Amino acid sequence: MPGSKSARASAGFLTPRALALVFLWFSFIASRPTVAQSAPPEPTLRVTGIVERHLVLHDSDLQKLPRKHVAVTDEKGNPATYDGIAVADILRRAGAPLGKQLRGPQLRLYIVANAADGYRVVYALPEFDPDFVNQVVILADRRDGHPISSPEGPFRLVVPGEKRHARWVREVTSFDVE
Ligand SMILES: Nc1nc2c(c(=O)[nH]1)N[C@H]1C(S)=C(S)[C@@H](COP(=O)(O)O)O[C@H]1N2
Ligand SMILES: [Mo]
């Protein structure tokens with residue numbers, strides 16, 4: 001049939017050869033984490049979900065954001081200081097609604113903090129917003145002046161004022177806004 005012939009021509013990108021190339025490409029992508037393990041990548045934080053811009057922030061990007069310092073008590077009751085970036089400043093870069101924009105339907109938004117060990121914790125967006133809360137939640141990259149090593153770091157959430165520390169997520173890898 002002449003009609004089906006032209007249809008085949010216009011769907012030329014679906015030829016078996018093209019499909020094989022796509023398959024090879026995905027196999028390559030799937031194999032990459034194994035390769036990456038031999039050379040540890042720069043610590044990275046992702047912001048995904050319902051935001052204006054998805055972000056992939058490298059350590060060097062995070063260092064450019066304003067620094068915050070908090071003095072807290074750790075889970076064992078010992079004093080500790082943490083330095084890092086207000087989570088609000090990270091979310092603002094992704095275009096999440098904060099301040100006057102955080103109202104009405106936006107108040108249904110929540111954030112899932114994901115950790116390298118699979119631990120996941122939920123926060124409501126206002127919990128990070130300095131217009132709503134006094135105590136700033138930070139993504140810490142230093143404890144007592146030193147970089148935080150795995151499995152606590154390189155990035156750890158510090159939630160001052162929260163009595164139990166179950167939401168102080170260690171080794172944070174991403175924030176998903178849902
Ligand atoms: N990634 C990750 N973060 C985590 C946890 C975990 O299992 N995985 N446990 C939480 C709990 S229940 C507590 S009490 C604190 C303990 O913090 P610490 O290890 O600094 O004492 O970490 C929190 N953060
Ligand atoms: Mo805990």
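Just so you know, these numbers come straight off a predicted model, no measurement behind them. Whatever order the structure lists them in is the order used to number ligands and atoms, beginning at 1.
- Remark: R143 engages D74 in a salt bridge, criterion side-chain N to carboxylate O under 4.0 Å.
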N/O pairs closer than 3.5 Å, ligand 1 and protein:
residue  : atom   : partner : partner atom : Å
ligand 1 : 1 (N)  : D117    : OD1          : 3.0
ligand 1 : 1 (N)  : D117    : OD2          : 3.3
ligand 1 : 1 (N)  : R170    : O            : 3.1
ligand 1 : 3 (N)  : R170    : N            : 2.9
ligand 1 : 8 (N)  : D117    : OD2          : 2.8
ligand 1 : 17 (O) : R156    : NH2          : 3.0
ligand 1 : 19 (O) : R170    : NH1          : 2.5
ligand 1 : 20 (O) : R156    : NH1          : 2.7
ligand 1 : 20 (O) : R156    : NH2          : 3.4
ligand 1 : 22 (O) : R156    : NH2          : 3.2
ligand 1 : 22 (O) : R170    : NH1          : 3.4
ligand 1 : 24 (N) : W168    : O            : 3.0

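- By the 6.0 Å contact criterion, CZ on R53 is enclosed, its count of non-hydrogen atoms from other residues, nucleotides or ligands being greater than 12.
- Salt bridge annotation for K64-D89: absent, with no cationic side-chain nitrogen under 4.0 angstrom from a carboxylate oxygen.
- A side-chain hydrogen bond (donor to acceptor under 3.5 Å, both in side chains) check over residues 118-130, counting only residues at least two apart or in different chains, returns the pairs N114-R120, E127-R167.
- Note that CG of L55 is 8.5 Å distant from CG of L45, once rounded to the nearest 0.5 Å.
- Using a 4.5 Å cut-off on side-chain heavy atoms (C-beta onward), L157 and F175 make contact.
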